[in-house]
Amino acid sequence: RLLHWLLVLQGLGMLFPWNAFITCTGFYETAFAGTSREGAAEAKFALAFTVNNVFGLCLGVVADSLSLRARVLYPLVVQAAIFSAITAAVASDALGPDWLFALLLACVCVS
């Protein structure tokens with residue numbers, strides 16, 4: 001029973017970044033309207049997230065020498081930094097569509 005709930009929590013942890021990036025289609029339509037990125041952002045984010053997630057899983061298997069605390073704490077800190085950077089970039093409205101797309105794509109790859 002405990003294993004079941006641990007796997008549920010792991011699934012939530014794996015899917016949260018995906019859901020955060022893929023469910024804001026209205027924002028992408030508005031942010032990339034009239035550019036070459038219009039309509040293609042979600043597909044590019046999906047490909048980047050999937051490829052990098054597989055790489056991350058392989059790295060997680062190899063990096064079993066890290067302590068459990070490090071394997072949990074470091075990804076959480078990185079996720080917090082990623083979402084803080086995105087929030088600051090979107091709130092300031094200082095980036096153009098191309099730079100915003102580049103930032104989002106980089107964050108998707110790291111998340």
Taking distance alone, no hydrogens or angles, what donor-acceptor pairs closer than 3.5 Å link side-chain atoms of residues 41-51 to residues at least two apart or in another chain?
{"unit_1": "Thr50", "atom_1": "OG1", "unit_2": "Ala46", "atom_2": "O", "d": "2.8"}

Quiz item: Looking at CG of Leu103 and CD1 of Ile82, how far apart are the two atoms once the value is rounded to the nearest 0.5 Å?
Solution: 9.5 Å

Quiz prompt | Close side-chain approach of Phe101 and Thr35, heavy atoms under 4.5 Å | solution = no

Exercise. Say whether Trp5 and Leu9 are linked into one hydrophobic cluster, either directly or through other cluster members, by side-chain heavy-atom distances under 4.5 angstrom.
Key: yes

Quiz item: What is the distance from atom SG of Cys109 to atom CG of Asn53, rounded to the nearest 0.5 Å?
Solution: 11.0 Å

Exercise. Supply the atom-to-atom distance Asn52 CG to Leu105 CG, rounded to the nearest 0.5 angstrom.
Key: 9.0 Å

Self-check item: Set of ring pair (Phe, Tyr, Trp, His ring centres under 6.0 Å) partners for Phe27, sequence neighbours left out
Solution: none

Quiz item: Do Val78 and Leu104 belong to the same hydrophobic cluster, where Ile, Leu, Val, Met, Phe, Trp and Tyr are linked whenever their side-chain heavy atoms lie under 4.5 Å apart, directly or via other members?
Solution: yes

Let me check something: any side-chain donor-acceptor pairs from residues 84-91 under 3.5 Å, sequence neighbours excluded? List them with distances.
{"unit_1": "Ser84", "atom_1": "OG", "unit_2": "Ala80", "atom_2": "O", "d": "2.8"}
{"unit_1": "Thr87", "atom_1": "OG1", "unit_2": "Phe83", "atom_2": "O", "d": "2.7"}

